[in-house]
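Counting starts at 1 for both ligands and their atoms, in listed order. Side chains included, hydrogens not; waters and symmetry mates left out as well; all remaining heavy atoms used.
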Amino acid sequence: MSSEQYFPGLEGVIAGETAVSSIAGDLEYRGYSVTELADSSSFVETAYLLLHGELPTAEQLADFKAILIESAEIDPAIYEFLKKIPLHVGAMDVLRTGISMLAHFDPQLDDESPSANIAKATRLLAQIPMLIAARHRFRQGLELVPPDPEGSFAGNLLQMINGREPSQSEEDAMDVSLILYAEHEFNASTFTARVVTSTQSDLYSAIVAAVGALKGPLHGGANERVLEVLEEVGTPENAEPWVRHALATRRRIMGFGHRVYKDGDPRAVILRDYCRSLALEQGDTKFELIADTLETVVRQEKGLPPNLDWPSARLYRYLGLEVDLYTPLFVASRVAGWSAHVIEQAGNNRLIRPVSRYIGHATRTYVPLEERED
Ligand code: CMC
């Protein structure tokens, strides 16, 4: 390949091969349409599919659920440390540190065999909700709520954070959001995880690096910024003037646009229906009306459809969740996809090391300190 071929942001560049998911056409995880998974599967089953490559049998699923419940316990030293982190520190930063701490207690840390990586990924799936909920409840001065061994992953996640049993529709909506967030090909955080893995580093290092990449507002951090937009708009009447002014002043509206989906993000369409139902159930459709107007105007004026973070922010609000938990919840789900990519990369590795085009100074001669001018 000529070194002169340069694609800023690697746009359109095929940077690797994967069997984990495909976004050409319908979004598919391991060949299964995400629409079908959202309709018929559960997050735990989807996570199993991503990690193991096949849908589980009833027995395999029951075993996987049992392992998730058994692995949820985390070392008390980690809880003690979470309590000591200053209260102003955001949930995403604490989660990044918390995952790094989990690595110190994992006996298989440096075992990079596929079975050890699946075991570590399964523990992370079980323990990340514990980290998120624990930090949230400590910060609020509340007691921890243990997971219910009979409960679903989504139900437990909500219950451990909010301290109350969710309704069936809340649990279903959370579960679908987790399915939709679970995997998305070579996005920035997944690519980060693969780059780290390509140096033969460990799964935890790859996941911690991926969390750092996800935090940014152009990626997973967008779901928290979306809620700020909705709150800033405030009322359905203000939506049209607000968005027209925002576009006129070239403001980037969080939750719109996508590097790959130019005609629309299928995940956003699926989740919007869950937003509608919960809003109607709660008798407050203000954010739905605001969202409709913004969607119409942004599409008219910029040709940009919403992405998944657009409905997920409203959904998490309807589920009674604090804004700074939104991106950590994305992590709770995406760890399944990241881990599948880590396992795939490790199984067929080649160091990821591209080249750059140099645009700096021409060659120059070193000037000794005493001869340099001020
Ligand atoms: N609001 C307003 N204008 C936008 C937006 C937006 N959200 N997104 C893109 N544009 C405009 C951009 O200003 C540019 O216009 P012009 O050609 O007039 O200068 C044009 O669209 C192309 O933008 P780009 O930044 O070159 O496109 P990209 O493919 O690099 O952008 C993106 C992808 C996701 C970074 C961008 O759409 C964006 O910043 N969106 C807002 C953040 C966001 O919602 N991120 C979540 C991404 S999807 C899920 C996830 O990863 O969590």
Side-chain angles (χ1 to χ4, degrees), residues 6-13 15 20-21 23 27 29 34 38 91-92 95 176-194 209-233 239-240 242-272 275 290-291 293-316 323-338 341:
Y6 167 50
F7 301 91
L10 299 182
E11 184 163 359
V13 172
V20 181
S21 70
I23 62 177
L27 169 61
Y29 299 167
V34 80
M92 192 65 173
L95 182 58
V176 167
S177 81
L178 295 172
I179 292 174
L180 298 175
Y181 266 139
E183 161 57 15
H184 211 225
E185 204 230 23
F186 268 41
N187 58 83
S189 57
T190 302
F191 191 59
T192 301
R194 291 191 76 124
V211 171
L214 189 77
K215 180 186 165 190
L218 295 189
H219 191 6
N223 62 8
E224 297 182 12
R225 304 313 197 289
V226 165
L227 200 82
E228 290 165 14
V229 165
L230 295 169
E231 283 181 332
E232 194 183 320
V233 175
E240 184 157 355
W242 185 94
V243 66
R244 292 204 181 277
H245 180 260
L247 293 176
T249 52
R250 300 191 65 76
R251 182 167 164 175
R252 198 163 276 245
I253 302 172
M254 293 293 133
F256 284 89
H258 197 275
R259 173 60 66 79
V260 183
Y261 295 129
K262 296 302 177 194
D263 299 328
D265 181 338
R267 304 168 301 172
V269 178
I270 297 170
L271 210 59
R272 190 179 54 180
C275 288
I290 294 175
T293 305
L294 262 65
E295 280 184 37
T296 306
V297 177
V298 175
R299 202 184 277 271
Q300 263 169 12
E301 299 297 318
K302 299 286 294 185
L304 290 172
N307 58 55
L308 175 59
D309 292 319
W310 181 245
S312 74
R314 303 191 317 270
L315 191 90
Y316 290 165
V323 181
D324 88 334
L325 298 179
Y326 295 6
T327 320
L329 290 169
F330 190 157
V331 173
S333 159
R334 183 58 62 87
V335 71
W338 287 334
H341 281 273

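Proximity of atom 17 (O) of ligand 1 to the protein is not indicated, since no non-hydrogen protein atom lies closer than 4.0 angstrom. There is no protein heavy atom closer than 4.0 angstrom to atom 20 (C) of ligand 1. By the definition of a contact as any protein heavy atom under 4.0 Å away, atom 42 (C) of ligand 1 is in contact. Within 4.0 Å of atom 14 (C) of ligand 1, not a single protein heavy atom is present.
For ligand 1, the atoms sitting less than 4.0 Å from at least one non-hydrogen atom of Phe330 are 52 (O), numbered in the order shown with element in parentheses. Per-residue contacts place Gly255 under 4.0 angstrom from the following atoms of ligand 1 (heavy atoms of the residue considered): 43 (C), 44 (O). Counting the atoms of ligand 1 from 1 in the order shown, those under 4.0 Å from a heavy atom of His258 are 33 (C), 37 (O), 48 (S). Residue-ligand proximity, Lys302 to ligand 1, at heavy-atom distances under 4.0 Å covers atoms 3 (N), 15 (O), 18 (O). Those atoms of ligand 1 with a heavy atom of Asp309 less than 4.0 angstrom away are 46 (C), 49 (C), 50 (C), 52 (O). Residue-ligand proximity, Ala222 to ligand 1, at heavy-atom distances under 4.0 Å covers atoms 43 (C), 44 (O), 45 (N), 46 (C).
For the pair His341 and Phe191, the minimum side-chain heavy-atom distance is 4.5 Å or more. With a 4.5 Å cut-off on side-chain heavy atoms, Met254 and Glu228 do not count as touching.
The distance from atom CG of Leu227 to atom CZ of Arg314, rounded to the nearest 0.5 Å, is 10.0 Å.
A salt bridge links Arg244 with Glu240: the closest approach of a Lys/Arg side-chain nitrogen to an acidic carboxylate oxygen falls below 4.0 angstrom.
Put simply, the side chain of Arg299 never gets that close to the backbone of Pro305: no donor and acceptor are under 3.5 Å apart. Formation of a donor-acceptor pair under 3.5 Å by the Arg334 side chain with backbone atoms of Leu214 is not found in this model. One N or O on the side chain of Tyr29 and one on the backbone of Ile179 form a donor-acceptor pair closer than 3.5 Å. With Asn187 contributing its side chain and Glu185 its backbone, the two residues share a donor-acceptor pair below 3.5 Å. Put simply, the side chain of Asn307 gets close to the backbone of Gly257: a donor and an acceptor are under 3.5 Å apart. The backbone N or O of Asp265 lies less than 3.5 Å from no partner atom in the side chain of His258, so there is not a single donor-acceptor pair. At distances below 3.5 Å, at least one donor-acceptor pair connects side-chain atoms of Thr192 with backbone N or O atoms of Ala188.
Residue-ligand proximity: Gly220 is placed with a non-hydrogen atom under 4.0 Å from ligand 1. Remark: distances from the non-hydrogen atoms of Asn187 to ligand 1 are all 4.0 Å or more. Leu308 does not count as a contact of ligand 1, since none of its heavy atoms falls under 4.0 Å from the ligand.
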Check step by step if side-chain contact (heavy atoms from CB on, under 4.5 Å) holds for Tyr326 and Leu315. CA-CA 10 Å; Tyr326 295 6; Leu315 191 90; over 6 Å; no
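In the candidate list His219, Arg252, Arg225, Arg252 is nearest to atom 25 (O) of ligand 1, counting heavy atoms. The closest heavy-atom contact to atom 6 (C) of ligand 1, among the options Ile253, Thr327, Asp265, Asn223, comes from Ile253. Residue nearest to atom 28 (P) of ligand 1, selected from Arg267, Arg251, Arg259: Arg259 (by heavy-atom distance). For atom 47 (C) of ligand 1, the nearest non-hydrogen atom from the set Leu214, Leu304, Leu218 comes from Leu218. Distances from atom 27 (O) of ligand 1 to the heavy atoms of Arg250, Lys262, Glu11, His184 put Lys262 nearest.
Counting only heavy atoms of the protein, atom 40 (N) of ligand 1 lies nearest to Phe256 O, 2.8 Å.
Partner of Trp310 under the side-chain contact (heavy atoms from CB on, under 4.5 Å) criterion, out of Leu271, Asn223, Leu294: Leu294 alone.
Proximity of Pro217 to ligand 1, defined as any heavy-atom pair under 4.0 Å, is confined to the backbone N, CA, C and O atoms.
Below 3.5 Å of separation, one finds no N or O of Met254 facing any N or O of ligand 1.
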